[in-house]
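This report concerns only the one structure given below.
Fair warning: this is a prediction, and the values are worked out from it, not measured in the lab. Throughout, residue positions are numbered sequentially from 1 according to the sequence presented.
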Amino acid sequence: SDLLRYSSPAENGVVTAKDALLELKFAKKTKLVSVELVDQDQNKILLDLPHTSLMWKQHKVKIPHLSKGRYSAKWLAR
C-alpha cells in the first residue's frame, strides 16, 4: 500500500511465536482501527491497541504469547 512505509514483521510476511511486537510505520498520521492475527486454521486473535483514538505515523502493538505455528497479521487503518 502507498500508505504503509514499513512493517515488522514484513508486509505479507509470517508472524511466529517468537515475535513480541508488530510495528507499522505510515507515510502520514494514521488511526489504527484494528489488528488481528490469523492462524493456519483461520482462527483469529484480536490484538489490544494502545492508542486506538490517536493519530500516529508509527504504531507498535504487543503480540501476546502464541502457540507454535504460522500467523498472518491483518490490520485496518484510516
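- Proximity of a side-chain donor or acceptor of Asp41 to a complementary backbone N or O of Asn43 within less than 3.5 Å is not detected.
- Atom-to-atom distance recorded for Ser34:OG and Leu76:CG is 4.5 Å, nearest 0.5 angstrom.
- Contact check for Gln58 versus Glu23: side-chain heavy atoms found under the 4.5 Å cut-off.
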Practice problem: Take Lys28 and Leu3, measure what side-chain contact (heavy atoms from CB on, under 4.5 Å) needs, and give me the verdict at the end. | Solution: CA-CA 7 Å; Lys28 63 181 183 179; Leu3 184 59; 3.7 Å; yes
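- Separating the NE2 atom in His59 from the CG atom in Leu32 is a distance of 5.0 Å, to the nearest 0.5 Å.
- Leu66 and Ala17 get closest at one heavy-atom pair: O-CB, 3.5 Å.
- Residues Lys44 and Leu46 fail the side-chain proximity criterion, which asks for heavy atoms closer than 4.5 Å.
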Self-check item: Derivation and outcome, side-chain contact (heavy atoms from CB on, under 4.5 Å), residues Leu24 and Leu4
Solution: CA-CA 7 Å; Leu24 302 167; Leu4 184 66; 4.1 Å; yes
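- A 4.5 Å side-chain heavy-atom check between Pro9 and Asp19 finds at least one atom pair inside the cut-off.
- Within the cation-pi definition used here (under 6.0 Å to the ring centroid, within 45° of the axis), Lys57 does not qualify as a partner of Phe26.
- In this structure, the separation between CZ on Arg70 and CD on Gln40 is 6.5 Å, given to the nearest 0.5 Å.
- Taking CD1 of Ile63 as the reference point, atom NZ of Lys18 lies at 14.0 Å (rounded to 0.5 Å).
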Practice problem: Would you check, one step at a time, whether the test side-chain contact (heavy atoms from CB on, under 4.5 Å) holds for Trp56 with Thr30? | Solution: CA-CA 5 Å; Trp56 298 91; Thr30 303; over 6 Å; no
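- The line from CE of Met55 to NZ of Lys31 is 8.0 Å long, rounded to the nearest 0.5 Å.
- Checking each of Asp48, Leu37, Leu47 against Val61 for a side-chain contact (heavy atoms from CB on, under 4.5 Å) leaves exactly one that passes, namely Leu47.
- Put simply, OH on Tyr71 and CD1 on Ile45 are 5.0 Å apart, with the number rounded to the nearest 0.5 Å.
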